[in-house]
> 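Have a look at the structure that comes next, please.
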Amino acid sequence: MPRKIRVLVAKPGLDGHDRGAKVIARALRDAGMEVIYTGIRQTPDQIANAAIQESVDIVGLSSLSGAHNNLFPKVVQILKDKGAEDILVFGGGIIPVDDIPGLKKAGVREIFQPGASTEDIIKYIRENVKV
Amino acid sequence: MSLAKRILDGDIRAASRLMRDIDDRIPTAMDALKELYPNTGKAYIVGITGPPGSGKSTIVDKMVDIFRKEGKSVGIVAVDPTSPFTGGAILGDRIRMQRHATDEGVFIRSLATRGNLGGLSRSTQDIVNVMDAMGKDIIIVETVGVGQDEVEIVNTAHTSIVVLVPGMGDDIQAIKAGIIEIGDLFVVNKCQRDGAEKVERDLRMVLEMGRKREDGWEPPIFKTEAILGKGIFELVYGIYRHKQVLEQGQTLERKWRERAKATFLEVLETEVMSRFIQKIEKDGGWESILDDLTKRRTDPYSLAEKIIAEELKDH
Ligand code: B12
Ligand SMILES: Nc1nc2c(ncn2[C@@H]2O[C@H](COP(=O)(O)OP(=O)(O)OP(=O)(O)O)[C@@H](O)[C@H]2O)c(=O)[nH]1
Ligand SMILES: [Mg+2]
C-alpha cells in the first residue's frame, strides 16, 4: 500500500487573504492527499512545529501581503534547525517574479503565482515528494 | 539508537515519524511499538465526541490552557473524516488549537479516518500509545463529528465527553442511545444560544432513564460557551472527579483490561488476516477462488474452513 501524501497549508504573517490557501487545500484533498490547514496569522515557528508534529511531506505557504521574502525563508530555516530539512517548503500568492530567485536560493522549492492551475500544483507535489 | 529509544529520549521527530509509519501501516512500525509498550499505561486518556461543529476542538483548545497551567503535558489526537470519493481529507481540528503549536508541552496530531467507521482511525490506539510513551500526562482524543453509533472512543478513553449544542433538530432524537451510553460527562456547548435549557432538560431525562453504572457514577452535564472559555474549568474538574471515582473502585482496572482486550483482538485479527491474504496471493491469487465462488463450485464458508485447516496443518 503506498503512503498517503500529507501536506500542511499555512498562511504566515498578518495576511488575511485565505481564498487561495483554501482553494489549494481543497484541490489537494480532491487529489487524494491529507491536508492539514492551520489557518491564517501563523508565525514561522508555529508552522514549522506543526509540520514536524504532523510529519508532513511538504509545507505550502500562501502569502498575498508582500511579507514572503521575510517569512518563507524563516520557515525553511526553522525546519532545518530542528533537523527536518527533508520536509519540503513551497508556496504561492502575490509574489513578484523578481523575488523568486532569492526565495529559491533560501530553500523555497517552488513558487506558484495567481492563475496557477491546481493540476500543475498537484503534479508538482506528486513529482517532488518522496513517499 | 533504535527509533523507540529516541522517542523515549524525547525526540519529537522520531515520534512523529513513527506515527506516520503506523498510519501508513508500514510493517516495521510494529518493532518500535513493541519496544514502547512497557512504557505505556501512564497517561490519562480523555475522549471527546459529538456532532460536527459542536465545538469539540474549541473545548479541547481551552482545556489545554488549564492542563498546562497545572504543569501537565498534553497530547492531542484529532480525527477528521477521509472523503470516500477521493481518499483525501482536510484535517481542520488543528486550526482551533494552533496557538499551542509553540508550546513544547503540547503535541498535536491530526489523523484521517482512512475508511474506518467507528469515529476514529485504525491507527488511533497505537498513536495514543506513542504519546503515552512520550510521557504525556493527559491525552485527548477528538473523534470525527458523529451523532450516531460511532462509539469506538470508549475502548480508548478513560473518560469520554459527549458534546451537544442547542438547536440540533427536535431533541436528543438525533443522538442515538449508543452515544448517550458512552458519555461519562456531557457538555451543552454554545449555551448562550436559544434552546440550551431544553437540550439540558431533555438530556437529563434521557440520562435518568439510562443504565445505572456499577461504580455509582452519575454523568454530570456542563454548560459551556467554549469560545469564551466559560464553563471549561468546571468541565476539567469534572474529568478529575470521574478519574477519582474510577480509581476508587475497580473500574479503572477493568477499563484497562477491556482496552487491552480490544487492542489485542484487533492486532490478532489484522495479523491473522494478513497472513491468510498473503497465503492466498502466494498460492496463485484471487482468480481461482473468485471463479469457484461466483460459479458456485464452492461456498465461502467451506472455503474459509478449508484454508484455515490447511494453514494449521502446515505448522
Ligand atoms: C479577494 C481580495 C481581498 C479579500 C480577501 C478575501 C479572503 N478571505 O481571501 C478582501 C476584500 C478581504 C481583501 C482585503 C485586503 N486586501 Co486584498 N485582494 C483580493 C484580490 C482581489 C484577490 C485575491 C484572491 O482571493 N484571489 C483568488 C485566489 C484563488 O488566488 P490567489 O490567492 O492568488 O491564489 C492562487 C495563486 O496565487 C496560488 N497560490 C496562492 N497561495 C498558494 C499557496 C500554495 C502552497 C500554492 C502552491 C499556491 C498558492 O495558487 C492559487 C490558485 O491559482 C487581490 C488582487 C488579486 N488580483 O490577486 C487583492 C490583494 C491581494 N489585496 C491587497 C490588499 C492591499 C488588501 C488590503 C490590505 C486592502 C486594505 N487596504 O484594506 C486588505 C487586507 C486584508 C488582510 N487582512 O490581509 C493587495 C495586496 C498588495 C501587495 N501584496 O502588495 C492586492 C494584490 C490588490 C492590489 N493589487 O493592490 N482582499
Ligand atoms: N457561539 C459559539 N460558537 C462556538 C462555540 N464553541 C465553538 N464555536 C464555533 O463553532 C464552530 C465549530 O467549532 P469547532 O471547535 O471546530 O467544532 P468541532 O466539534 O471540533 O467541529 P468538527 O471537528 O468539524 O466536528 C467554530 O466556528 C467555533 O468558533 C461556543 O461556545 N459558542
Ligand atoms: Mg474539531
Side-chain angles (χ1 to χ4, degrees), chain A residues 1-12 18 21-57 59-60 75 78-87 118 122 125-126 129-131, chain B residues 6 11-27 29 57 61 75-115 121 123 127 130-131 134 274 277:
Chain A
M1 209 170 50
R3 281 184 187 268
K4 200 51 97 181
I5 295 178
R6 279 170 74 87
V7 187
L8 188 87
V9 174
K11 284 201 58 71
D18 59 359
K22 285 179 172 165
V23 166
I24 301 298
R26 275 195 295 270
L28 300 184
R29 188 249 340 253
D30 293 344
M33 302 178 194
E34 286 180 3
V35 184
I36 297 113
Y37 179 53
T38 61
I40 58 172
R41 301 211 175 85
Q42 298 292 302
T43 65
D45 267 314
Q46 281 178 305
I47 295 169
N49 281 354
I52 289 172
Q53 292 177 5
E54 301 285 0
S55 50
V56 294
D57 300 296
V59 176
V75 174
I78 299 168
L79 284 173
K80 200 168 159 199
D81 292 346
K82 295 186 185 242
E85 60 269 17
D86 56 309
I87 299 178
T118 52
I122 292 161
I125 296 179
R126 290 214 174 110
V129 157
K130 295 184 234 45
V131 287
Chain B
R6 280 164 51 206
D11 183 339
I12 300 291
R13 277 231 84 193
S16 56
R17 278 217 177 101
L18 174 59
M19 292 179 192
R20 178 77 186 266
D21 283 354
I22 292 168
D23 217 18
D24 289 340
R25 316 192 79 198
I26 307 294
S57 303
D61 175 62
I76 298 164
V77 181
V79 190
D80 269 324
T82 294
S83 155
F85 303 107
T86 65
I90 292 184
L91 309 175
D93 294 322
R94 181 180 265 276
I95 298 181
R96 318 260 176 245
M97 315 170 185
Q98 186 56 3
R99 67 199 171 91
H100 300 291
T102 51
D103 179 348
E104 284 185 9
V106 180
F107 187 106
I108 305 169
R109 180 66 173 207
S110 314
L111 297 174
T113 52
R114 298 193 181 181
S121 68
S123 57
I127 286 172
V130 178
M131 289 193 184
M134 286 166 81
S274 72
I277 288 169

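Chain identifiers are assigned alphabetically (A, B, ...) following the order of the sequence lines, protein sequences preceding nucleic acid strands; residue numbering begins at 1 within each chain.
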> Is Arg3(A) salt-bridged to Asp23(B), cutoff N-O under 4.0 Å?
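Looking at Asp23(B) together with Arg3(A), the answer is no, because their closest N to O distance does not fall below 4.0 Å.
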> Decide, yes or no, whether a salt bridge links Arg20(B) with Asp57(A) under the criterion of side-chain N to carboxylate O below 4.0 Å.
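Answer for the salt bridge query: yes.
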> Any chance you could measure Ile90(B), atom CD1, to Arg29(A), atom CZ, to the nearest 0.5 Å?
4.5 Å
> First locate atom CD1 of Ile76(B), then atom CD of Gln53(A), and finally report the distance between them rounded to the nearest 0.5 Å.
9.0 Å
> Is there a donor-acceptor contact under 3.5 Å from the side chain of Lys4(A) to the main chain of Gly87(B)?
yes
> From Arg6(A) CZ over to Ser110(B) OG, what is the distance, rounded to the nearest 0.5 angstrom?
6.5 Å
> Under a 4.5 Å heavy-atom cutoff, which of Ile36(A), Ile40(A), Thr43(A), Val56(A) has the most pairs with chain B?
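Among Ile36(A), Ile40(A), Thr43(A), Val56(A), the one with the most close pairs to chain B is Ile36(A).
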> Is Val9(A) close to chain B through its backbone or its side chain, or both, or neither, when contacts mean heavy atoms under 4.5 Å?
neither
> Using non-hydrogen atoms only, which part of Ile78(A) is less than 4.5 Å away from chain B: side chain, backbone, both, or neither?
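Neither; nothing under 4.5 Å.
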> For chain A, which residues from residues 92-104 of chain B lie under 4.5 Å away (heavy-atom distances)?
Arg94(B), Ile95(B), Gln98(B), Arg99(B), Ala101(B), Thr102(B)
> Identify which part of Ile5(A) has an atom lying under 4.5 Å from any heavy atom of chain B, answering side chain, backbone, both or neither.
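When you check distances to chain B, only backbone atoms of Ile5(A) fall under 4.5 Å.
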> If you tally heavy-atom pairs under 4.5 Å against chain B, which of Val7(A), Asp86(A), Ile47(A) wins?
Asp86(A)
> Check whether Ser55(A) reaches the backbone of Ser16(B) with its side chain - one donor and one acceptor, N or O, closer than 3.5 Å.
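Checked: pair present.
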> What part of Asp80(B) is in contact with chain A, defined as an atom under 4.5 angstrom from a non-hydrogen atom: side chain, backbone, both or neither?
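No part of it gets close to chain A.
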> Please round to the nearest 0.5 Å and tell me the distance separating atom CG of Leu111(B) and atom CD of Glu54(A).
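Those atoms lie 8.0 Å apart.
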